[in-house]
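Please read the structure below before turning to the comments.
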Amino acid sequence: MGRSFDRLVVTQFRGRAAAELAKAPPNALKGVSAADADRLGDAFGITTIEQMAANRMFQAAAAIARAASGVPGFDPGPPPGWEALFRAAPLVAYQTRPDLFRIDFGPVYYRGRLDGTARVLVVGQDPSVNEILAQRVF
């Protein structure tokens with residue numbers, strides 16, 4: 001896994017992989033009681049940590065809090081549902097035309113800021129090692 005979330009979860013969920021924690025109920029998080037988890041289910045239909053993180057109300061609240069802090073936040077990356085889209089990227093179309101495309105890294109997706117302040121669309125090609133490691137374009 002590479003990253004431990006033990007400090008964020010209650011004892012019985014320590015040592016578990018992120019994918020398993022995502023499927024855990026919200027009360028697996030420290031500070032969320034079973035009653036709180038029930039209320040989340042009643043109010044928002046949330047039954048897992050993954051659903052809590054993907055909930056548009058929670059995302060909006062987090063975006064407002066980030067904007068209020070004065071630090072522009074960057075998109076942490078695509079939600080889990082985008083994985084299928086990435087797997088379906090037409091890499092073979094690029095591979096058949098090596099005279100037109102350099103294909104060392106394949107497609108890199110990035111959506112930019114979450115707070116709506118970005119007003120420029122940049123389309124680029126061939127990210128360097130720095131962009132790949134930082135998972136940020138240009």
Does Thr47 have any side-chain hydrogen bond (donor to acceptor under 3.5 Å, both in side chains) partners at least two apart in sequence or in another chain, and if so, which?
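Expected list: Gln51.
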If I take atom CG from residue Leu40 and atom CD1 from residue Ile49, how far apart are they, to the nearest 0.5 angstrom?
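If I round to the nearest 0.5 Å, the distance is 11.0 Å.
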Distance-only, no hydrogens or angles: does the Asp6 side chain make a donor-acceptor pair with backbone N or O of Arg14 under 3.5 Å?
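The answer is no, because no donor-acceptor pair under 3.5 Å joins these two groups.
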Report all side-chain donor-acceptor pairs from residues 23-36 shorter than 3.5 Å, counting only partners two or more places apart or in another chain.
{"residue": "Lys23", "atom": "NZ", "partner": "Glu50", "partner atom": "OE1", "Å": "2.7"}
{"residue": "Lys30", "atom": "NZ", "partner": "Arg7", "partner atom": "O", "Å": "3.4"}
{"residue": "Ser33", "atom": "OG", "partner": "Ala35", "partner atom": "N", "Å": "3.4"}
{"residue": "Ser33", "atom": "OG", "partner": "Asp36", "partner atom": "N", "Å": "3.0"}
{"residue": "Ser33", "atom": "OG", "partner": "Asp36", "partner atom": "OD1", "Å": "3.4"}
{"residue": "Ser33", "atom": "OG", "partner": "Asp36", "partner atom": "OD2", "Å": "3.1"}
{"residue": "Asp36", "atom": "OD1", "partner": "Arg39", "partner atom": "NH1", "Å": "3.0"}
{"residue": "Asp36", "atom": "OD2", "partner": "Ser33", "partner atom": "N", "Å": "3.1"}

Which pairs pass ring pair (Phe, Tyr, Trp, His ring centres under 6.0 Å) with one or both residues in residues 10-43, sequence neighbours excluded?
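Listed by first then second residue: nothing to list.
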Would you list the pairs meeting ring pair (Phe, Tyr, Trp, His ring centres under 6.0 Å) in which at least one residue belongs to residues 28-62, sequence neighbours left out?
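For residues 28-62, and leaving out neighbouring residues, the ring pair (Phe, Tyr, Trp, His ring centres under 6.0 Å) pairs sorted by first residue read Phe44-Phe58.
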Ile64 with Met57, same ILVMFWY side-chain cluster at under 4.5 Å:
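No; Met57 is not reachable from Ile64 via cluster members.
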